[in-house]
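Have a look at the structure below before the remarks.
Side chains included, hydrogens not; waters and symmetry mates left out as well; all remaining heavy atoms used. A, B, ... follow the sequence lines: proteins, then strands. Residue 1 opens every chain.
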There are 2 protein chains.
Amino acid sequence: MASVQPKPDRRMGPVGSDTWNAMLDGAEAVLRDEGHAALTSRRIAERIGVKQRLVYYYFATMDDLITELFRRLSERELERFRAARRSDRPLREIWDICIHTTDARLISEFIALANRIEELSAEVVHFIEESRRIQVDALEAALKRAPAANHASAAALAIVATSVALTLTREQKIGVDSGHDDVMALIEAFLARAEPS
Amino acid sequence: MASVQPKPDRRMGPVGSDTWNAMLDGAEAVLRDEGHAALTSRRIAERIGVKQRLVYYYFATMDDLITELFRRLSERELERFRAARRSDRPLREIWDICIHTTDARLISEFIALANRIEELSAEVVHFIEESRRIQVDALEAALKRAPAANHASAAALAIVATSVALTLTREQKIGVDSGHDDVMALIEAFLARAEPS
DNA sequence: GTCTATACACCGATAGAC
DNA sequence: GTCTATCGGTGTATAGAC
């Protein structure tokens, strides 16, 4: 699961060090605020106050840096999902992460980047499969306790929930909200049945 | 709805001409095959066999070209939706467009680009609102004829359907398919109730 | 670990001839 | 309508000193 280190014939900095993390912090901020077009080694260096050359001491290529950034981000998100799964209202807490914690802009940038970067695509696949596994697990447990809650399978419900959450956050960010209330009410009604509070 | 023409102090080519369309064809092919990073005036020119300078005769800026490309594409898609709406199985035909016609890669590239290009963002908003209007309209008519089909509103169903279609096509393209059968069965069951064949 | 300096490619956009 | 030629800028990535 950890990164695989060096491709280039070049001295490389330690993975996980403070500077390494600071660079990913800078990269994340740039991607969030300015988008993929501005995600360059120069801009990252400028952001954290070092020289551009140093970026290539810690990361073999820009694609590696981007992949590493997604990995760090997705591991944090998976940890949130796992914690929510262990709580006493797992469905509500997982939904809360999907609809509130998720940054629609960041996700859309990564999805587009994954079209081009194969390593990143593999990381995205891993994240989708693992997060779905957690969600299906939580849903199956809930449906067992409240069997009349729905006719759909846990797997189907997980896909519907994540899809809808992504659409709502994305549309909200660009200023579309028609039908959002209705679909939120639908989700709320399901949660009330499947996980009575 | 038509494009608004010139910003620059420069001679410009006719909107809608053969060369103009050929350039958008080239741009679409580049975006589909290589992604937004490769979508440059030089690459487009190379693709259709003209010189780079000519791209700036037909389009004021690259951002304009990209926006115009999305506009052309979305108008075609809306026309498909309208035709499906007029058919005798509107729900099934609209769903068929969502799940088959849509190019997941192209859409993700445009969404990422819209984060940066304001004109494009406005076009995306327009497309979402108009396509949703058509879908809600079709769903309302169907639910009127088969009231017991579902407890959810037409607006909620439209969002769920488009969200799920986008997720399925995107995941399929990167090689994830867990739960897809289940959710397709769910959609099929709904269609069987709301639009019996 | 961090720096200066730099090679080299490519980009958007324009001037102006034919 | 289409071209040649070019400017100014920015990108990735490397060599090698301190």
Side-chain angles (χ1 to χ4, degrees), chain A residues 5-27 30-31 33-69 109 112-113 116-120, chain B residues 5-27 30-31 33-69 109 112-113 116-120:
Chain A
Q5 269 296 72
K7 268 174 292 194
D9 264 7
R10 188 206 314 158
R11 266 193 319 154
M12 294 273 299
V15 170
S17 66
D18 285 354
T19 313
W20 185 90
N21 271 300
M23 280 175 184
L24 293 189
D25 291 342
V30 170
L31 196 57
D33 299 344
E34 310 172 61
H36 59 261
L39 189 57
T40 68
S41 56
R42 288 180 212 268
R43 191 91 83 180
I44 293 168
E46 184 187 353
R47 194 114 182 179
I48 66 170
V50 297
K51 295 296 171 183
Q52 181 251 356
R53 174 65 178 86
L54 207 58
V55 175
Y56 285 92
Y57 175 65
Y58 283 93
F59 300 93
T61 64
M62 277 303 294
D63 285 1
D64 273 16
L65 183 149
I66 292 167
T67 305
E68 213 66 56
L69 174 59
E109 300 282 3
L113 287 166
R116 181 174 59 81
I117 307 171
E118 259 181 68
E119 309 165 85
L120 176 58
Chain B
Q5 269 292 72
K7 269 175 290 201
D9 263 7
R10 188 205 315 155
R11 268 195 315 155
M12 295 272 298
V15 170
S17 65
D18 285 354
T19 312
W20 185 90
N21 270 300
M23 281 176 184
L24 293 189
D25 291 342
V30 170
L31 196 59
D33 300 343
E34 310 171 61
H36 60 258
L39 188 58
T40 68
S41 57
R42 289 175 215 270
R43 193 91 80 175
I44 294 168
E46 185 187 355
R47 195 112 181 183
I48 65 170
V50 297
K51 296 297 171 182
Q52 181 248 357
R53 175 64 177 87
L54 207 58
V55 174
Y56 286 92
Y57 175 64
Y58 283 92
F59 299 92
T61 66
M62 277 303 294
D63 285 1
D64 272 16
L65 183 150
I66 292 166
T67 306
E68 212 66 57
L69 174 59
E109 299 284 359
L113 286 165
R116 179 173 61 80
I117 306 171
E118 259 181 69
E119 308 164 84
L120 176 58

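- A distance-only check finds no donor-acceptor pair linking the side chain of A:Q52 to the backbone of A:A45 [under 3.5 Å].
- The side-chain heavy atoms of B:E34 and A:R116, taken from C-beta on, include no pair separated by under 4.5 Å.
- Contact between the side-chain N/O atoms of B:Y58 and the OP1/OP2 oxygens of D:dT2 is found at a separation under 4.0 Å.
- Of the side-chain N and O atoms in A:R10, none sit less than 4.0 angstrom from OP1 or OP2 of D:dA13.
- Contact check, A:T40 against D:dT10: no side-chain N or O comes under 4.0 Å of OP1 or OP2.
- Rounded to whole Å, the distance from CG on B:D64 to C1' on C:dG12 is 13 Å.
- Between the NZ atom of A:K51 and the C1' atom of D:dT14 there is a distance of 18 Å, given to the nearest Å.
- One interatomic measurement links the two molecules: OH of A:Y56 to P of D:dG11, which rounds to 10 Å at whole-angstrom precision.
- One finds the CG atom of B:D63 at 8.5 Å from the CG atom of B:L113 (value rounded to the nearest 0.5 Å).
- Atom pair B:Q52:CD and C:dA13:C1' shows a separation of 8 Å (rounding to whole Å applied).
- Contact detail for A:Y56 and A:T61: the closest heavy-atom pair is CE2-CA, 4.2 Å.
- The B:L54 side chain lies nearest to D:dT2 when the options are C:dG12, D:dT2, D:dT12.
- Computed from coordinates, the A:W20 CH2 to C:dT2 P distance equals 15 Å when rounded to whole Å.
- Atom pair B:L65:CG and C:dC11:C1' shows a separation of 15 Å (rounding to whole Å applied).
- Checking B:L39 against A:S17, the closest nucleotide of DNA chain C that is more toward the 5' end is the one next to A:S17.
- In this structure, of D:dC3, C:dT4, C:dC11, it is D:dC3 that holds the atom nearest to the side chain of B:V50.
- When distances run from any side-chain atom of B:R53 to the nucleotides C:dA15, D:dG16, C:dG12, the shortest one goes to C:dA15.
- No hydrogens or angles were tested; on distance alone, a donor-acceptor pair under 3.5 Å links the side chain of A:R42 to the base of D:dT12.
- One can place CG of A:D63 at 13 Å from C1' of D:dA13, the figure rounded to the nearest angstrom.
- Here the nucleotide nearest the side chain of B:P14, chosen from D:dG11, C:dT14, D:dG1, is D:dG1.
- Phosphate contact (OP1/OP2 of D:dA13, side-chain N/O of A:S41, threshold under 4.0 Å): absent.
- In the set D:dT14, C:dG12, C:dC3, the nucleotide with an atom closest to the side chain of B:M62 is C:dG12.
- The listed nucleotides are C:dT2, C:dA13, D:dG1; the one nearest the side chain of B:Y57 is D:dG1.
- Following rounding to the nearest Å, B:H36 (NE2) and C:dC11 (P) show an atom-to-atom distance of 14 Å.
- At least one donor-acceptor pair closer than 3.5 Å links the side chain of A:N21 to the backbone N or O of A:G16.
- At a cut-off of 3.5 angstrom, counting only N and O atoms as typed in the model, there is a donor on one side and an acceptor on the other between the side-chain of B:R11 and the base of D:dT2.
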Criterion salt bridge (Lys or Arg N to Asp or Glu O under 4.0 Å) on A:D33 and A:R47, from CA distance to verdict:
CA-CA 12 Å; A:D33 299 344; A:R47 194 114 182 179; 2.7 Å; yes
